Amino acid sequence: MTASMTGFAAHSINLEHASLNFDLRSVNQRYLELHFRLADEVRILEPQLRELIQQRLSRGKVECRIALNPNPAATPDNGLNPAILERLAQWQAEVQHRLPDSAPLSVSEILRWPGAVPAATQSQDTLNEAVLAGVRATLDDMVASRQREGAKLRQHILDRLAAAESEVATLRPLLPALIAAQRDKLSERLHEALGEAGHERLAQEIVLAAQKADVDEELARLTTHFAEVRRVLAQPGAVGKRLDFLMQELHREANTLGSKSVAVETSRTSLELKVLIEQMREQVQNIE
């Protein structure tokens with residue numbers, strides 16, 4: 001299924017003494033680029049998290065955030081840490097001895113001091129298991145989000161592709177008449193310039209002009225590339241890079257079609273094709 005590189009997913013898990021909040025978001029990137037913002041308690045898991053994401057995503061700039069929020073309601077009231085209080089009292093006495101005008105610590109400052117209020121701790125093994133399970137669940141949501149967006153991109157491309165195929169199908173039956181009209185027009189001009197004595201030169205110029213104006217080969221290549229785009233869009237996995245290459249090929253053929261144009265119809269088709277191809281290319285940039 002075609003997937004977008006843009007996606008977002010959030011998940012949360014409640015533990016005994018804390019909650020885990022997961023946040024995954026991704027945007028376009030040529031390759032897979034991972035960034036982590038992890039709580040200190042789970043930073044050790046970054047290599048495993050990186051491997052989990054690499055197994056599911058191929059391209060995109062992905063940011064993974066994991067926050068650990070203690071639950072005060074689940075924390076038993078064990079009082080204040082006497083060792084921390086004793087140390088703070090000693091430090092405060094020494095500071096005030098050296099700096100008599102210094103203000104004493106407030107109650108709120110003491111309560112916010114690291115370790116002053118004992119907090120219930122979660123076992124590291126339980127925490128690690130919860131983190132890995134949470135990231136897997138968030139990744140599932142992220143992949144589903146990218147696939148939903150990818151389905152919209154795929155349909156957008158198919159709609160423009162159908163319009164481009166219609167332009168080529170409309171032009172192809174007109175080619176013999178357009179080339180014949182160009183040949184007659186050139187024959188008339190050369191005959192006026194060369195007169196009766198220039199029959200051989202006239203024939204050569206007409207042949208060369210007809211070869212230059214023949215765009216059947218370009219139309220055939222465009223049709224082949226259209227079929228390949230459809231085939232690639234039907235494939236599973238990452239297809240963005242191949243589609244991007246096909247857009248370049250389509251644009252090249254549309255340009256050649258315009259440069260060989262000998263009639264308004266051919267020029268118009270070339271212009272319409274370039275507009276449609278550019279619209280497809282913009283969406284291809286978002287595909288994984």
Side-chain angles (χ1 to χ4, degrees), residues 1-10 22-37 49-65 135 138-169 218-259 267-288:
M1 181 181 293
T2 304
S4 169
M5 284 187 282
T6 301
F8 171 79
F22 304 88
D23 188 318
L24 275 176
R25 59 190 68 205
S26 66
V27 295
N28 301 352
Q29 181 64 285
R30 189 173 181 183
Y31 302 105
L32 181 62
E33 181 181 329
L34 304 181
H35 298 272
F36 293 91
R37 295 187 179 183
L49 300 178
R50 185 177 296 273
E51 184 177 351
L52 279 177
I53 295 174
Q54 288 173 339
Q55 290 172 356
R56 301 294 301 278
L57 307 178
S58 301
R59 295 177 66 196
K61 182 178 180 180
V62 181
E63 183 176 309
C64 174
R65 298 185 183 185
V135 169
T138 312
L139 264 174
D140 288 341
D141 292 344
M142 164 74 84
V143 170
S145 169
R146 287 167 52 129
Q147 287 178 345
R148 287 193 298 270
E149 181 68 19
K152 296 177 183 177
L153 297 177
R154 180 177 181 273
Q155 189 57 52
H156 178 96
I157 293 171
L158 287 174
D159 290 344
R160 272 64 183 176
L161 189 65
E165 290 171 328
S166 177
E167 290 290 338
V168 170
E218 283 71 26
L219 296 183
R221 282 199 290 264
L222 282 167
T223 301
T224 300
H225 293 329
F226 292 155
E228 181 65 8
V229 171
R230 288 187 180 278
R231 189 189 70 82
V232 172
L233 282 172
Q235 289 182 332
V239 297
K241 290 183 179 180
R242 184 163 187 82
L243 287 172
D244 188 55
F245 171 76
L246 286 170
M247 292 303 117
Q248 295 177 35
E249 293 301 304
L250 285 171
H251 196 269
R252 182 180 295 111
E253 297 302 335
N255 271 334
T256 304
L257 182 65
S259 67
S267 298
R268 187 199 63 80
T269 299
S270 172
L271 179 59
E272 289 297 326
L273 285 175
K274 285 191 279 189
V275 170
L276 291 167
I277 293 166
E278 180 61 22
Q279 290 174 348
M280 288 190 286
R281 191 193 66 81
E282 290 176 356
Q283 301 307 319
V284 164
Q285 302 304 311
N286 300 319
I287 292 179
E288 183 178 13

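Not measured: the values here are computed from a predicted model. Residues: numbered from 1 along the sequence shown.
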J.: Got Gln285 and Asp244 here, is their nearest side-chain heavy-atom distance under 4.5 Å?
T.: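 The answer is yes, as the side chains (C-beta and beyond) meet within the 4.5 Å cut-off.
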
J.: Is Phe36 close to Ile53 at the side-chain level, that is, under 4.5 Å between some pair of heavy atoms?
T.: yes

J.: Are any of the side-chain heavy atoms of Val229 and Leu250 separated by less than 4.5 Å?
T.: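 Yes; the side chains approach each other to less than 4.5 Å.
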
J.: Could you give the side-chain donor-acceptor pairs of residues 151-158 under 3.5 Å, partners two or more places apart or in another chain?
T.:
unit_1	atom_1	unit_2	atom_2	d
Arg154	NE	Leu233	O	3.3
Gln155	NE2	Asp159	OD1	2.8
His156	ND1	Arg160	NH1	3.3

J.: Please confirm whether the backbone N or O of Ser4 pairs with a side-chain atom of Arg146, one donor and one acceptor, at under 3.5 Å?
T.: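 Yes: the side chain of Arg146 pairs with the backbone of Ser4.
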
J.: Find out whether Val27 and Glu63 are in side-chain contact, i.e. whether some heavy atom of one side chain is under 4.5 Å from a heavy atom of the other.
T.: no

J.: Does Arg252 have any side-chain hydrogen bond (donor to acceptor under 3.5 Å, both in side chains) partners at least two apart in sequence or in another chain, and if so, which?
T.: Glu249

J.: Compare all side-chain heavy atoms of Arg242 with those of Arg231 and state whether any distance is below 4.5 angstrom.
T.: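 Yes. Closest side-chain heavy atoms under 4.5 Å.
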
J.: Drop me the distance from Met5's CE to Glu149's CD, to the nearest 0.5 angstrom.
T.: 11.5 Å

J.: Nearest 0.5 Å, what's the CG-CG distance between Leu24 and Asp141?
T.: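 Taking CG in Leu24 and CG in Asp141, the distance rounds to 9.0 Å.
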
J.: Using atom types as modelled and distance alone, determine if a side-chain donor or acceptor of Glu288 lies under 3.5 Å from a backbone N or O of Leu57.
T.: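 The answer is no, because no donor-acceptor pair under 3.5 Å joins these two groups.
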
J.: Looking at CZ of Arg59 and NZ of Lys241, how far apart are the two atoms once the value is rounded to the nearest 0.5 Å?
T.: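 Reported to 0.5 Å precision, the distance equals 5.5 Å.
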
J.: Crowded around Arg30 CZ? As in, over 12 foreign heavy atoms under 6.0 Å?
T.: no

J.: When rounded to the nearest 0.5 angstrom, what is the spacing between NE2 in His251 and CG in Leu273?
T.: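 One gets 10.0 Å once the value is rounded to the nearest 0.5 Å.
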
